[in-house]
Amino acid sequence: MSNSTEKPTGSEPAAAPVHRHFIHETLARDVEAGRHGKRIATRFPPEPNGYLHIGHAKSICLNFSMAREFGGTCNLRMDDTNPTREDVEYVESIREDVRWLIQGWADKSLRLKKQGDASGVGVSAIESPGQAVEPFYASDYFGALYEYAETLIRKGKAYICDLTPEETEKYRGSPDVKGQDSPYRNRSVEENLDLFRRMRAGEFKDGARTLRAKIDMSSPNIWLRDPVLYRIRHAEHHHTGRQWCIYPMYDFAHCLSDYIEGITHSICTLEFEVHRPLYDWILQALELPRELPRQYEFARLNLGYTLMSKRKLLQLLQENIVTGWDDPRMPTLSGLRRRGFSADSIRKFCERIGVTKYNGLTDASLLELSIREDLNARAHRVMGVLRPLEVVIENYPEDKVELLEAVNNPEDPSAGTRQIPFSRVLYIEQDDFMENPPKKFFRLVPGGEVRLRYAYILKCVGVDKAPDGRVVRLRCTIDPDSKSGGSTASRKIKGTIHWVSASHCVQAEVRLYDRLFTVEEPDAGSNPDFRKFLNPMSLEVLTECRLEPRLKDAQPGESFQFERLGYFCADAKDTHPGKPVFNRTVTLRDGWAKEQQKPS
RNA sequence: UGGGGAUUCGUCUAGUGGUAGGACGACAGACUCUGGAUCUGUAAGCCGAGGUUCGAAUCCUCGAUCCCCAGCCA
């Protein structure tokens with residue numbers, strides 16, 4: 001929340017935060033009006049058919065922040081009504097990702113349920129330690145849902161339809177052509193009940209019949225043209241096994257799951273706006289005793305240079321374009337985590353982008369800002385040379401080693417200092433030396449000087465080349481009085497570069513990640529093949545990197561700033577004791593790169 | 001051309017009849033032993049046309065453009 005813009009009245013402090021998005025305002029109004037006994041209960045209802053991505057994070061943050069703000073609850077619920085696409089692998093990843101994202105922030109609002117309980121009553125996971133808990137499952141309510149369906153039949157508000165899928169489509173009409181009533185629309189309650197029970201008993205094949213709501217085939221809203229409520233699927237369900245061969249559709253299951261769990265505000269994305277009349281119709285048709293939940297819609301996240309559809313992300317994986325759901329180039333929470341994004345930075349990002357009904361395209365720089373901001377404050381600075389160029393200091397004794405003091409984080413004095421070894425042979429970055437430098441290049445050039453970070457001023461006195469002309473070694477000298485903190489240390493030198501001592505450094509693999517696509521909207525347009533826009537440079541693996549000694553002990557997942565280069569984290573999977581592998585999370589802002597891009 | 005939504009700097013977002021503000025990005029400068037961080041400054045916007053009003057981003061009318069809906073997916 002930003003600060004109030006209101007002027008203080010008298011000696012009173014400024015008023016409470018004023019920037020509230022429309023969902024927040026709705027909830028505040030409902031609490032004010034005493035709806036639901038002033039209670040707020042939201043839910044995050046992913047379908048376990050893929051991994052959670054940054055778009056889900058927006059929804060998670062929204063739902064949990066509302067629960068948090070109003071002292072309410074937020075249920076984690078698997079929206080698992082389609083057995084053919086769902087899997088326990090996804091259930092587990094979703095649990096982990098949600099927990100990771102909200103940990104220490106909204107975990108008090110999180111509601112799970114006692115293992116095996118199907119009542120829809122939640123428990124606080126952190127307030128009931130030791131208790132076996134699990135997410136809510138829409139599939140836990142299949143029994144209750146079935147009863148509601150029979151109730152609807154008895155009320156004459158639903159019927160069994162024998163139309164084939166193709167016929168059903170034809171009868172439905174099109175947006176500007178009214179539908180026609182199904183010939184089975186006026187079956188008796190008794191016949192409907194009998195048929196429905198036999199559907200459940202497994203007497204019919206997949207697709208042979210459906211249960212449909214009896215609403216209005218001439219409605220301008222297609223979702224009100226007798227929508228299918230139940231379909232036959234002889235399939236094993238990841239949570240209910242072989243217990244059922246009929247499964248409820250989303251529209252039937254979702255509103256009722258909300259009702260069963262006592263959800264007050266059912267927040268979803270814009271594409272469900274046209275379903276809202278159906279959400280309300282089902283709940284009202286059942287004439288339920290308790291106050292009903294209501295659905296609200298917000299715009300899903302679109303982020304530049306990436307994809308935000310589970311189907312397309314799965315395609316990337318199946319075509320081996322990425323290595324898995326947690327490939328650091330993926331916009332999944334597991335991918336971002338592995339890339340080095342903190343939960344904090346993602347929450348900050350979600351707060352920054354706001355919540356509206358405008359379907360926009362969020363600039364990727366906003367996400368980069370969030371992680372840079374976070375890591376700038378927290379990450380320890382280290383020196384690492386990605387593409388080494390050997391430097392021999394001719395006026396430095398061969399057997400001498402000095403330990404130089406370096407600060408761990410200039411943004412945080414409490415992070416302390418460390419000692420780094422300096423010796424006659426060093427590595428510097430190939431990019432930090434140029435024989436024929438362009439204007440404004442102020443690093444090392446033949447005959448020129450540069451400051452070695454935390455060490456001496458270095459002068460290049462000779463360049464050794466391979467037969468092919470490639471520079472293989474720099475012969476240099478140091479100004480012995482120029483040691484950081486020394487007598488002539490304050491001599492002004494334009495450039496400062498990083499380095500490592502050749503005999504002390506650790507060799508490591510570093511993976512340089514870049515955006516996955518070359519265009520902002522790889523899936524824009526009617527039928528685009530987003531693979532055409534894959535960025536061939538989205539991953540570059542460097543195996544000859546030389547890092548300062550302390551990095552040998554980097555812990556999996558630990559983040560650092562490699563000075564002048566960017567933020568890197570030790571890969572959680574491939575880092576082994578003494579043998580780290582680093583992922584570049586994000587580069588530092590690079591004024592030099594910008595300078596180079598300028599036309600001239 | 002049926003229905004449902006949306007439209008404010010390049011991007012995201014405030015504003016609810018009374019000076020269009022913030023953030024990112026861009027640009028310029030200061031500072032800097034990270035071309036980082038930090039600081040300062042600059043440019044940049046109400047989809048359009050009418051109307052109501054002393055006064056309109058805001059209210060009314062008519063247009064324009066974009067998104068969503070014709071799964072027995074969610």
Side-chain angles (χ1 to χ4, degrees), chain A residues 2 5 18-21 45-47 49 79-82 84-86 161 163-165 168-170 172-179 206-212 219-225 227-233 247 249-251 253-254 268-277 297 299 304 310-311 352-370 372-373 376-377 381 383 410-411 440-443 450-455 457 482 484-485 489-490 492-498 520 561-566 587-595:
Chain A
S2 54
T5 53
V18 292
H19 290 164
R20 300 139 104 227
H21 52 68
E47 182 186 12
N49 68 340
D79 205 359
D80 56 350
T81 57
N82 185 349
T84 61
R85 330 199 305 172
E86 298 152 5
C161 181
L163 256 24
T164 65
T168 305
E169 191 184 325
K170 206 173 291 171
R172 184 160 35 228
S174 58
D176 47 359
V177 177
K178 288 182 180 182
D206 284 7
R209 295 181 215 270
T210 56
L211 176 72
R212 298 178 68 181
S219 171
N221 182 339
I222 280 168
W223 294 102
L224 259 20
R225 319 240 265 228
V228 172
L229 265 23
Y230 262 92
R231 78 285 216 187
I232 301 170
R233 282 264 184 295
Y247 291 93
M249 298 287 290
Y250 163 84
D251 289 293
H254 204 94
C268 62
T269 46
L270 253 27
E271 65 268 29
F272 292 101
E273 218 155 14
V274 288
H275 292 242
R276 194 187 336 139
E297 309 86 14
K310 279 194 268 189
R311 205 201 87 234
R352 270 200 173 98
I353 58 178
V355 178
T356 66
K357 298 189 76 147
Y358 176 67
N359 197 330
L361 175 66
T362 296
D363 203 304
S365 68
L366 236 51
L367 183 59
E368 291 184 354
L369 169 78
S370 300
R372 284 196 185 113
E373 198 174 69
N376 178 51
R381 273 60 171 173
M383 292 199 286
E411 306 292 321
K440 293 188 184 173
F441 180 84
F442 41 90
R443 279 113 92 158
V450 78
R451 159 73 66 182
L452 290 173
R453 180 83 159 142
Y454 295 124
I457 292 171
S482 68
S484 295
S490 59
K492 278 287 177 211
I493 292 291
K494 195 87 181 257
T496 299
I497 64 172
H498 59 277
E520 261 203 309
Q561 183 196 101
F562 288 10
E563 292 211 31
R564 305 208 304 131
L565 298 174
T587 61
L588 253 25
R589 279 184 67 217
D590 191 345
W592 171 238
K594 234 182 276 178
E595 184 67 40

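Naming: A, B, ... by sequence-line order, numbering from 1 per chain. Quick caveat: nothing in here was measured; it's all calculated off a predicted structure.
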Classify the glycosidic conformation of B/G71 as syn or anti, calling it syn when the angle lies within 90° of 0. syn
Nearest to the side chain of [X], heavy atoms from C-beta on, is which of [options]?
{"X": "A/T362", "options": "B/C12, B/G3, B/C73", "value": "B/C12"}
{"X": "A/N359", "options": "B/A70, B/C67, B/G36", "value": "B/C67"}
{"X": "A/D176", "options": "B/G2, B/A74, B/C24", "value": "B/G2"}
{"X": "A/E47", "options": "B/A6, B/G3, B/C73", "value": "B/C73"}
{"X": "A/D363", "options": "B/G10, B/C67, B/A74", "value": "B/G10"}
{"X": "A/R85", "options": "B/U34, B/G35, B/C73", "value": "B/C73"}
{"X": "A/Y358", "options": "B/G3, B/U7, B/C24", "value": "B/U7"}
{"X": "A/H275", "options": "B/A23, B/C67, B/A74", "value": "B/A74"}
{"X": "A/N221", "options": "B/G2, B/G3, B/G35", "value": "B/G3"}
{"X": "A/R172", "options": "B/U1, B/U34, B/G71", "value": "B/G71"}

Report the distance from atom CZ of A/R276 to atom CG of A/D251, rounding to the nearest 0.5 Å. 13.5 Å
Spacing of CZ belonging to A/R225 relative to OG belonging to A/S219, to within rounding of 0.5 Å: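 Rounded to the nearest 0.5 Å, the CZ-OG separation comes out at 6.5 Å.
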Distance check, [atom1] atoms only: [N] and [M], in whole angstrom units.
{"N": "B/C59", "M": "B/U53", "atom1": "C1'", "value": "10 Å"}
{"N": "B/G63", "M": "B/U7", "atom1": "C1'", "value": "14 Å"}
{"N": "B/C24", "M": "B/A44", "atom1": "C1'", "value": "13 Å"}
{"N": "B/G71", "M": "B/U1", "atom1": "P", "value": "22 Å"}
{"N": "B/A70", "M": "B/A14", "atom1": "C1'", "value": "38 Å"}
{"N": "B/C54", "M": "B/G21", "atom1": "C1'", "value": "25 Å"}
{"N": "B/U38", "M": "B/A20", "atom1": "C1'", "value": "29 Å"}
{"N": "B/G22", "M": "B/C39", "atom1": "P", "value": "15 Å"}

Students often get this wrong, so: under 4.0 angstrom with heavy atoms, is [X] touching a base, only sugar-phosphate, or nothing?
{"X": "A/R381", "answer": "base"}
{"X": "A/M249", "answer": "sugar-phosphate"}
{"X": "A/Q561", "answer": "base"}
{"X": "A/T84", "answer": "nothing"}
{"X": "A/T164", "answer": "base"}
{"X": "A/F562", "answer": "nothing"}

Quick check: do [X] and [Y] have side-chain heavy atoms less than 4.5 Å from each other?
{"X": "A/M383", "Y": "A/L565", "answer": "no"}
{"X": "A/I457", "Y": "A/R451", "answer": "yes"}
{"X": "A/T168", "Y": "A/T210", "answer": "no"}

Provide, to the nearest angstrom, the distance between the [atom1] atom belonging to [X] and the [atom2] atom belonging to [N].
{"X": "A/N376", "N": "B/U38", "atom1": "CG", "atom2": "P", "answer": "6 Å"}
{"X": "A/R233", "N": "B/G71", "atom1": "CZ", "atom2": "P", "answer": "14 Å"}
{"X": "A/Y250", "N": "B/G71", "atom1": "OH", "atom2": "C1'", "answer": "14 Å"}
{"X": "A/I493", "N": "B/U32", "atom1": "CD1", "atom2": "P", "answer": "15 Å"}
{"X": "A/R589", "N": "B/C31", "atom1": "CZ", "atom2": "P", "answer": "18 Å"}

If pairing requires Watson-Crick or G-U wobble contacts with both distances under 3.5 Å, which nucleotide is the partner of B/U1?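 Base-paired to nothing in any strand shown.
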Given B/U13, is OP1 or OP2 found less than 4.0 Å from the side-chain N or O atoms of A/T356?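 For A/T356, the contact criterion (side-chain N or O under 4.0 Å from OP1 or OP2 of B/U13) is met.
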So, is A/R231 close to the B/C73 phosphate, meaning a side-chain N or O under 4.0 Å from OP1 or OP2? yes
Could you tell me whether the side chain of A/R231 and the main chain of A/G207 form a donor-acceptor pair under 3.5 Å? no
Give a yes or no on whether a donor-acceptor pair under 3.5 Å exists between the nucleobase atoms of B/G36, that is its base, and the side chain of A/R372. no
Donor-acceptor pair under 3.5 Å, A/E411 side chain vs B/G36 base: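 Counting by modelled atom types and ignoring angles, a donor-acceptor contact under 3.5 Å is found here.
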Under 4.0 Å between a side-chain nitrogen and a carboxylate oxygen: does that hold for A/E47 and A/K310? no
Face-to-face contact A/W592 to B/G35 six-ring, under 5.5 Å, under 30°: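 Answer is yes, a stack.
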